[in-house]
There are 2 protein chains.
Amino acid sequence: MKRPTIADIAARAGVSKGAVSYALNGQRGVSETTRRRILAIAEEIGFNPHSAARALSGAAADTIGLALRRPARVLGFEPFYMELISGVEAELSARGQALMLQIVADADAEIGVYRRWWGERRVDGVLVCDLRVGDPRIPVVTDLHLPAVVVGGPEGVGDVPNVWNDDAMALIETVEYLAALGHRRIARVAGLPDLWHTHVRASAFRGACERLGVTAALTVGTDYSGEEGARATRRLLSGETRPTAVIYDNDVMAIAGLGVAQEMGLTVPGDLSIVAFDDSPLCRLVHPALTALTRDIPAYGALAARHLLAAIAGQPVGSVQDATAKLVPRASTARPTTST
Amino acid sequence: MKRPTIADIAARAGVSKGAVSYALNGQRGVSETTRRRILAIAEEIGFNPHSAARALSGAAADTIGLALRRPARVLGFEPFYMELISGVEAELSARGQALMLQIVADADAEIGVYRRWWGERRVDGVLVCDLRVGDPRIPVVTDLHLPAVVVGGPEGVGDVPNVWNDDAMALIETVEYLAALGHRRIARVAGLPDLWHTHVRASAFRGACERLGVTAALTVGTDYSGEEGARATRRLLSGETRPTAVIYDNDVMAIAGLGVAQEMGLTVPGDLSIVAFDDSPLCRLVHPALTALTRDIPAYGALAARHLLAAIAGQPVGSVQDATAKLVPRASTARPTTST
DNA sequence: CAATTCTACTTATCCGGTTCAGCAGCTCGG
DNA sequence: CCGAGCTGCTGAACCGGATAAGTAGAATTG
């Protein structure tokens, strides 16, 4: 079953390849009658243009790239990425664009992937996730003139456009809420220390605690896994002056923390209030249901995809802010009953 | 910054394009001296072959496709897919292959994606997931001569090779274990009813229960979401003769079921034993930790990828079995204390 | 009515690789 | 010393589209 080409259509229609090309692409240069005849034949034999041939003639690859740098273990249970990808995909497939995905081990590998994608013209642009402080990927995409959008960076990452959430505001709102409930000693279990948003959240947390006269208990860096979330929680709860509330940088760690609290005989929210950054159905399934900072991650991904497509199209794009995460109070937060 | 082509290398080396092509591809036809000179120049100017030009000359796309048909909502919290993708990716990137991902709404859309990918020569083959009974995708890939590997199908899906787990055996082992503990009334909360493996598990469950003289309580079909898992559990536990053990078709529903049991005042495992099919870190984080059927999903994905690459290479491939899920007893299963 | 413009095409070239046919120049055997 | 066989390269065709340039014939215009 040979795959049909425009030459086949041309032969069947009794015209030249050029005429077929014009007809298929809606260019002027063929009569309406001929165009319809050609389109009918194309439809009949199930013609699809060879993407490589098209790309070779200077057309775009109609593909965008996404390289993720996280171990398989983490990607599995972190709902964030899969939701982000879903959102990106929804936007892309609606516009006939494809997504090329690659999971990489480290920053060098990721840069290598960008260079190869660019050299091979496999993608028109890339989404850069998990921005780090002094991220080495930024100068690379800039040098290559590879269209890119940073997902989650600070306003204006060099010349690279980005989409972002106001994590600082979300965290401040959370601290204010906990302080209003009467908490005077709040801890935070942070994610990977070198991620940009970890810094943003850390300084927002410190600032809010200071302003409200709340003691900010040691915030520890983790890899977002449940294991590390559990370990961090154990350490926090074993100190002589334990916090009455903990804010976790993701939901998996929050659930793990809840387990640890129960295992140590503390009641939630009586002895300990828990807040999760990012909300997944699991936060509602555990008991007590977790208070969480909700945001629409698929929508965030879709926004990033739209932004990247605009950048690829050569439109001037800058920094775009997505909706700030909303605090959804559930059963895991309350006034502290014990005073340390 | 113009991207270098073999013509640029040829000019610099003072040879023809053909010689450069031979040198870069390790073909005979150039002297060792010339080859080294050409490779040095290629390295120096950062040459990468244009994937489209290569593909146009009949080469493979070096890309495989994966279309997933699940709503974003489900993909987010189902660790299965992301772990599978991680495993596939690990195998692919080690062999210089790329992964094209698309999320689709229904079977027709998925078939459309296959046709387009094939017509546009974007992929060399596809992984077909979530096999359904009488799956319409099978005749399509067969007709198109699109190399494909079914992930999780029954042995020999027409002529399409596949990789699979022995879900039946895993389920039988679980029922035997629960029966040995003294359970006489076991329920099962099943996943999507039209998926092939749901049928396999259902008949294995019925058979094992019959053989062991255990009453198989109504098994209900769900969409794998926590909500439906919770609803199904509520119905099961509200009947006059409630089961003393429930087997869930995934871990998310098992966790939701645990929540419902606790909410209804039942103790786990005293009043109700719970087993989850598929194991994620969350199963260990909740209290009590869930007994689960563990399998190495990234390894499963890697196996599928290897198998597909072999099929693409034209090697004769058939049905390959992956390791059977292992029952890992944790704190959610015990002898029943109450007798209904 | 000749000159111009427009329509509806055809022809030819290009994109950047791969690959086949051809061709010097050298080696070697008889 | 001549032809066969090898090495190491060149030139050109080719893949399947896009597109600029050319052209025949009809319609419009001065």
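Every chain is numbered from 1 and lettered A, B, ... according to where its sequence line falls, protein lines coming before strand lines. What you are looking at is a predicted structure, and each value in this text was computed from that prediction instead of being measured.
Between chain A and DNA chain C, the heavy-atom contact criterion of under 4.0 Å yields a 5' to 3' nucleotide range of C/dA8 to C/dG16.
B/R132 is linked by a side chain to side chain donor-acceptor pair (under 3.5 Å) to B/D194, counting only residues two or more places apart in sequence or in another chain. Annotation: side chain to side chain contact (heavy atoms under 4.5 Å, CB included) contacts of A/A148 (sequence neighbours excluded): A/V126, A/V128, A/V141, A/V160. Considering only residues two or more places apart in sequence or on other chains, A/Y114 meets the side chain to side chain donor-acceptor pair (under 3.5 Å) condition with A/E110. The side chain to side chain donor-acceptor pair (under 3.5 Å) test applied to A/S31 returns A/T34, not counting sequence neighbours. By the side chain to side chain contact (heavy atoms under 4.5 Å, CB included) test, B/P136 is found to be paired with B/A107, B/I111, residues two or more places apart in sequence or in another chain being considered. Residues that satisfy the side chain to side chain donor-acceptor pair (under 3.5 Å) test with A/E44, not counting sequence neighbours, are A/R12. B/D108 is linked by a side chain to side chain contact (heavy atoms under 4.5 Å, CB included) to B/D106, counting only residues two or more places apart in sequence or in another chain.
In this structure, A/Y22 places its OH atom 10 Å from P of D/dA18, rounding to the nearest Å. The interatomic distance linking A/K17 (NZ) with D/dA21 (P) rounds to 18 Å, in whole Å. Distance, A/D8 CG to D/dG16 C1': 10 Å, rounded to whole Å.
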task = Please report the C-alpha distance between B/L39 and B/L24 in whole Å, then the side-chain angles of each, then the deciding distance to 0.1 Å, and finally whether the side-chain contact (heavy atoms from CB on, under 4.5 Å) criterion is met.
result = CA-CA 7 Å; B/L39 289 176; B/L24 293 175; 3.8 Å; yes
Exercise for review: Please assess A/R54 against A/D62 for the test salt bridge (Lys or Arg N to Asp or Glu O under 4.0 Å), listing each intermediate value before the final yes or no.
Suggested key: CA-CA 10 Å; A/R54 209 169 223 172; A/D62 287 340; 5.6 Å; no
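Under 3.5 Å, the side chains of A/Y300 and A/R295 contain no donor-acceptor pair of N or O atoms.
A heavy-atom distance below 4.0 Å to DNA chain D is reached by these residues of residues 25-34 of chain B, ordered by number: B/G29, B/V30, B/S31, B/T34. Non-hydrogen atoms lying under 4.0 Å from DNA chain C are contributed by A/L56, A/S57, all within residues 37-62 of chain A.
Over its full length, the helix from C/dC1-D/dG30 to C/dG30-D/dC1 turns its helical axis through 60°, comparing axes from the five pairs at each end and rounding to 10°.
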Less than 3.5 Å apart, which donor and acceptor atoms pair up between the side chains of residues 302-313 of chain A and the rest of the protein, not counting sequence neighbours?
| unit_1 | atom_1 | unit_2 | atom_2 | d |
| --- | --- | --- | --- | --- |
| A/R306 | NH1 | A/E91 | OE1 | 3.0 |
| A/H307 | NE2 | A/G318 | O | 2.8 |

